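Inspection log for the structure reproduced underneath, given as structure tokens.
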Amino acid sequence: MKLGMPGMVLRSAAKKPATRRFPAEIRPAYSATRGHVAMDIAKCNFCTLCQLRCPTGAIVVNKQEKTWQIDRMRCILCTACVGACTRKCPTMETSYAPPVGERRESLVRFTQAAVPGTSPAGEAGRA
Amino acid sequence: MGTRTVIPFGPQHPVLPEPVHLDLVMEDEKIVEAIPSLGYVHRGLEKLAAKKDFNDMVFVSERICGICSFIHSMAYSTAIENIMKVEVPERAQYLRVMWAEMSRVHSHLLWLGLAADALGYESLFMHSWRVREKVLDVIEETSGGRVIFGTCKIGGVRRDVDAATLDKTLKMFDDIEVECQEIVHVFAGDPSVHKRVAGVGILSKDDAYALGAVGPVLRASGVTWDARKLGYAAYGKLEWEPVVETGCDVPARVLVRAKEIFQSIGLIRQAIKKMPKGPVEVRVTGNPNGETIMRVEQPRGELVYHIQANGTKNLARFRVRTPTFANIPPLVKMLPGCELADVPIIVLSIDPCISCTER
Ligand code: SF4
Ligand code: SF4
């Protein structure tokens, strides 16, 4: 075991690299990983509790327009919004949000359909 | 007396990614004086405390340092808990110890890598960081974040870790320990490493004490002091002794940090084995009113939080003294008499974290 540097070098030469060949090989996420906040807008009643609890002001809820907007660059993945919502709309996903090229692309707005539940809810567009 | 030249070291320097500036007054190759200047990355976090809710400040304090992140949030939360006289559940105390020691292992491995890099040992640097990556994986699996744990809160911790994950953590640290032994063996036994650093950066025991050195710098000069002995979180219930070396030079500091890796792994094992079942947080209501000083041991040394609260949701005063700040006077003492070529490794030997220093 204690061969010192030569031993380590020889062993490393015989082994496959310690790094992964990303993106061909992707490490599965841990269940605890905080990746990004996903939103089920159909369940939301726009009570703004999540907006009040968010320490960074990343969430903007608009009751009139029935929109829920998150700024992914502001979000620090603290899970406060997930814990605050009584209807369990925001959830923490293990995958990371896709990279963005410009600052404004990090704003993601969800809009609720006129009659809740009639149309599939989702990332309706980037603000 | 030869001619004196002033050589600027930093704020941008290849060996040190962080912006500290030293004016090195040289006589030929020898340093006669070192004048530090700081303030390149001041962030004004202490002012921010006056605007943020004290609960949200946990997140801010965690971001003071990217390496000792968890220990910062633990120090802040414990300080507020002391003011509000909140009794934190025991399981949370043990989880805090576990996470704090994980961040110590990863910080020390990071430092060993940087030290190897400063000595020109590229492959040793890679190996240290390869092992550190495994520690980060364990951190991610238990807390959800790789660098920012985000698990500490006032009144306990935000997430519990199940028994299966704790078992896996123990197994992972068995592997990590074996790999660390190999790396430490090179640092401690390799003749060329020894030749390069032996007798470099001397800080005598009296100087270390008088100048207020902290952490591994203090312990490498033969002073037995570790703030974890104050017994915050669950440290008082675990069995361990501070690592002390008497070499007073750079290799002594390397050894202190290397031995602390194994000490930390031991503490993680103890914490996991002794962890009682039960809740991990208590509900905290109301606002803090009072004043407290909290001292905790970070990988780099003793961290001091001074908090003054006035019964509102914003703190009146939030003052942080980070270990690097305390280690700068000892650094300035170490440099005179050294060769210019030894400056990078001497500066590195205090494990400087300039961004923490400037808050
Ligand atoms: S996501 Fe939840 S907390 Fe936020 S506005 Fe909708 S219902 Fe309220
Ligand atoms: S995870 Fe935290 S920072 Fe991100 S949106 Fe939710 S509350 Fe805000």
Side-chain angles (χ1 to χ4, degrees), chain A residues 1-22 25-38 49-59 71-85 90-97, chain B residues 48 52-60 62-63 73 116 121-124 126-134 136-146 148-153 158-162 164-165 168 177-193 281:
Chain A
M1 184 183 75
K2 286 190 175 171
L3 289 173
M5 208 59 200
M8 271 164 89
V9 172
L10 281 177
R11 214 159 8 90
S12 304
K15 268 199 313 206
K16 74 178 186 64
T19 47
R20 262 176 234 98
R21 289 162 53 86
F22 187 84
E25 197 185 327
I26 295 175
R27 191 204 69 186
Y30 297 115
S31 61
T33 304
R34 299 190 301 270
H36 76 279
V37 178
L49 216 59
C50 50
Q51 179 180 340
L52 289 173
R53 287 286 171 78
C54 178
T56 58
I59 299 176
D71 184 345
R72 298 228 183 272
M73 292 254 207
R74 284 195 93 104
C75 172
I76 56 168
L77 303 168
C78 67
T79 67
C81 53
V82 179
C85 181
T91 47
M92 188 57 73
E93 300 296 316
T94 55
S95 60
Y96 296 117
Chain B
L48 190 64
K52 281 256 175 223
D53 185 303
F54 74 96
N55 280 306
D56 295 349
M57 273 311 279
V58 181
F59 300 118
V60 177
E62 184 154 25
R63 282 159 178 79
S73 58
Y121 273 62
E122 284 303 319
S123 53
L124 190 52
M126 297 278 184
H127 278 293
S128 306
W129 282 38
R130 174 176 57 83
V131 180
R132 173 175 173 260
E133 208 60 26
K134 295 191 178 177
L136 293 184
D137 280 349
V138 183
I139 293 175
E140 184 177 353
E141 195 165 3
T142 50
S143 75
R146 287 179 81 76
I148 300 291
F149 293 55
T151 45
C152 210
K153 67 177 281 187
R158 294 156 63 88
R159 68 178 309 141
D160 200 353
V161 185
D162 58 26
T165 315
K168 196 174 162 202
E177 189 174 28
V178 173
E179 301 210 47
C180 287
Q181 273 164 354
E182 269 181 346
I183 289 169
V184 167
H185 179 66
V186 179
F187 272 103
D190 193 85
S192 52
V193 173
E281 55 174 302

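A, B, ... follow the sequence lines: proteins, then strands. Residue 1 opens every chain. The figures that follow rest on heavy atoms only: side chains count, while hydrogens, waters and symmetry mates do not. This one's a predicted model, so the numbers in the text were calculated from it and none came from an experiment.
Residue-environment remark: NZ (A/Lys15) exceeds the threshold of 12 foreign heavy atoms within 6.0 Å. Counting heavy atoms of neighbouring residues, nucleotides and ligands inside a 6.0 Å radius, atom CE of A/Met73 exceeds 12 of them. Within a 6.0 Å radius of CZ in A/Arg27, other residues, nucleotides and ligands contribute more than 12 heavy atoms.
Remark: A/Ser12 OG to B/Met126 CE distance equals 11.5 Å, nearest 0.5 Å.
Contact count against chain B (heavy-atom pairs under 4.5 Å) is highest for A/Cys78 among A/Ser31, A/Gly35, A/Cys78. Comparing A/Thr33, A/Thr19, A/Leu77, A/Thr79 by how many heavy-atom pairs each has under 4.5 Å with chain B, the most go to A/Thr33. With chain A as the partner, the residue from B/Val60, B/Thr151, B/Asp137, B/Thr165 showing the most heavy-atom pairs under 4.5 Å is B/Asp137.
Looking at every heavy atom in both residues, A/Ala18 comes nearest to B/Arg130 through CB-CD, 3.3 Å.
The side chain to side chain contact (heavy atoms under 4.5 Å, CB included) search around A/Thr56 returns A/Cys54, A/Ala58, A/Arg74, A/Ile76, not counting sequence neighbours.
A donor-acceptor pair under 3.5 Å links the side-chain atoms of A/Arg34 to the main chain of B/Phe149, judged by distance alone.
At a threshold of 4.0 Å, the pair B/Glu133-A/Arg20 does not count as salt-bridged, since none of the basic side-chain nitrogens sits closer than that to a carboxylate oxygen.
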